[in-house]
Engineer: 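Questions regarding the structure given below will be posed in turn.
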Amino acid sequence: MNFNSRLFDRIRIGPSEAEAVEESDAHRCDHAGCSRVGEFRAPQGRGREGKFFLFCMEHVKAYNATYNYFAGMDDEALAAYAKQEEIGHRPTWKLGVNSKAARMAQRGRVAGGGEADVQDGFNIFGSRRAQEAANPEPRVGVVARKALEALNLDITADSAAIKARYKELVKRFHPDANGGDRSREGTLQEILKAYQQLKTVGMV
């Protein structure tokens with residue numbers, strides 16, 4: 001074969017059948033009216049976790065620029081989501097509800113009372129339980145703790161103290177109490193949000 005022949009330069013080979021099938025099976029961009037190949041995944045949003053749109057490069061950039069997982073959630077829903085985030089959105093139950101706790105209770109090894117679940121010759125765990133009983137520390141979640149900090153309160157604050165501090169801070173930072181000055185409006189919004197979070201977790 002003469003590779004310098006003019007006829008050799010005119011030979012054209014079409015795409016193989018495998019290439020043609022692969023191109024025809026390629027998923028098109030999910031953006032309306034776009035005929036390009038959808039190569040890039042984009043999450044479909046809250047409530048459809050694990051499902052994705054397939055976009056071309058141009059439309060996946062546009063989608064990601066406006067994507068907001070929390071769009072449409074009010075403050076109460078956001079607070080509930082943050083509370084679930086503390087436990088990784090996994091199911092929880094009270095002591096004695098699940099089968100393992102029930103078996104421990106039957107054997108007299110309930111946590112916090114009865115026999116110790118381990119051999120405690122030096123009474124390490126017993127002394128700790130006695131100390132905890134003498135100085136019980138209120139159990140406050142991360143969201144509630146941060147909300148209390150926003151109101152300048154500690155974890156021992158009760159419902160009456162929270163309400164009193166809330167009213168005091170609202171009066172102090174509200175624009176009507178400052179001649180219409182809205183420079184502290186951001187602080188006021190934080191106070192309102194913190195109070196709503198404390199209501200959601202049942203501390204008010």
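Residue indices begin at 1 and follow the sequence shown.
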Engineer: Got a second to check how far Gln189's CD is from Asp75's CG, nearest 0.5 Å?
Structural biologist: 8.5 Å

Engineer: Run the side chain to side chain donor-acceptor pair (under 3.5 Å) test against Arg46 and tell me which residues pass, sequence neighbours left out.
Structural biologist: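 Scan of Arg46 (side chain to side chain donor-acceptor pair (under 3.5 Å), adjacent residues dropped) gives none.
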
Engineer: Do Leu169 and Arg172 come close enough that some side-chain heavy atom pair is under 4.5 Å?
Structural biologist: yes

Engineer: Answer whether the closest heavy-atom distance between the side chains of Ile191 and Thr187 falls below 4.5 Å.
Structural biologist: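 Of all side-chain heavy-atom pairs linking Thr187 with Ile191, at least one is under 4.5 Å.
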
Engineer: Do Phe53 and Phe40 have their ring centres less than 6.0 Å from each other?
Structural biologist: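 For Phe53 and Phe40, the ring centres are not under 6.0 Å apart.
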
Engineer: Could you tell me which non-hydrogen atom of Cys29 sits nearest to which non-hydrogen atom of Cys56, and how far apart they are?
Structural biologist: SG-N, 3.4 Å

Engineer: Do you reckon Tyr81 sits in the same ILVMFWY cluster as Tyr67, going by side-chain contacts under 4.5 Å, direct or chained?
Structural biologist: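 Yes.
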
Engineer: Which value, rounded to the nearest 0.5 Å, describes the distance between Gln196 atom CD and Leu78 atom CG?
Structural biologist: 12.0 Å

Engineer: Just do the salt bridge (charged side-chain N to carboxylate O under 4.0 Å, His left out) check on Glu190 and Lys193 with the steps written out, would you?
Structural biologist: CA-CA 5 Å; Glu190 291 180 6; Lys193 182 178 179 180; over 6 Å; no

Engineer: With heavy-atom distances below 4.5 Å as the criterion, would you say the side chains of Val37 and Arg28 are in contact?
Structural biologist: yes

Engineer: Closest heavy-atom contact between Leu148 and Met203?
Structural biologist: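 Heavy-atom minimum between the residues: CD1-CE, 4.0 Å.
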
Engineer: State plainly whether the residues Glu149 and Arg145 are in salt-bridge range, i.e. N to O under 4.0 Å.
Structural biologist: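 Between Arg145 and Glu149 there is no salt bridge, as every charged N stays at least 4.0 Å from the carboxylate O atoms.
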
Engineer: Is the shortest side-chain heavy-atom distance between Lys61 and Met57 below 4.5 Å?
Structural biologist: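 A side-chain contact exists here, since the closest heavy-atom pair is under 4.5 Å.
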
Engineer: Could you list the residues that satisfy side chain to side chain donor-acceptor pair (under 3.5 Å) with Ser35, not counting sequence neighbours?
Structural biologist: none

Engineer: Taking side-chain hydrogen bond (donor to acceptor under 3.5 Å, both in side chains) as the cut-off, I'd like each qualifying pair that reaches into residues 47-59, sequence neighbours left out, listed once.
Structural biologist: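 Passing the test, one end in residues 47-59: Arg36-Glu58, Gln44-Arg48, Glu49-Tyr69.
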
Engineer: Of all heavy-atom pairs between Leu54 and Arg41, which one has the smallest distance, and what is that distance?
Structural biologist: CD2-CG, 3.6 Å

Engineer: Can you list the residues that meet the salt bridge (Lys or Arg N to Asp or Glu O under 4.0 Å) rule with Arg184, with sequence neighbours excluded?
Structural biologist: none

Engineer: Can you check side chain to side chain contact (heavy atoms under 4.5 Å, CB included) on Asp158 and Ile162, steps first, answer last?
Structural biologist: CA-CA 6 Å; Asp158 59 7; Ile162 294 171; over 6 Å; no

Engineer: Show me the pairs that pass salt bridge (charged side-chain N to carboxylate O under 4.0 Å, His left out) and involve residues 194-204, at least two apart or across chains.
Structural biologist: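 Listed by first then second residue: nothing to list.
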
Engineer: Is there side-chain contact between Leu198 and Leu151, with at least one heavy-atom pair below 4.5 Å?
Structural biologist: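 Yes, side chains in contact.
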
Engineer: Enumerate the ring pair (Phe, Tyr, Trp, His ring centres under 6.0 Å) contacts for residues 164-204, please, sequence neighbours excluded, ordered by first and then second residue.
Structural biologist: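 For residues 164-204, and leaving out neighbouring residues, the ring pair (Phe, Tyr, Trp, His ring centres under 6.0 Å) pairs sorted by first residue read Tyr166-Tyr195.
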
Engineer: Strictly under 6.0 Å, is that where the ring centroids of Tyr63 and Phe55 end up?
Structural biologist: yes

Engineer: According to a hydrophobic-cluster definition based on side-chain heavy atoms being under 4.5 Å apart (Ile, Leu, Val, Met, Phe, Trp, Tyr only), do Val204 and Leu192 belong together?
Structural biologist: yes

Engineer: Should we say atom CD of Glu76 is surrounded by more than 12 heavy atoms from elsewhere, each under 6.0 Å from it?
Structural biologist: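 Not more than 12 within 6.0 Å, no.
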
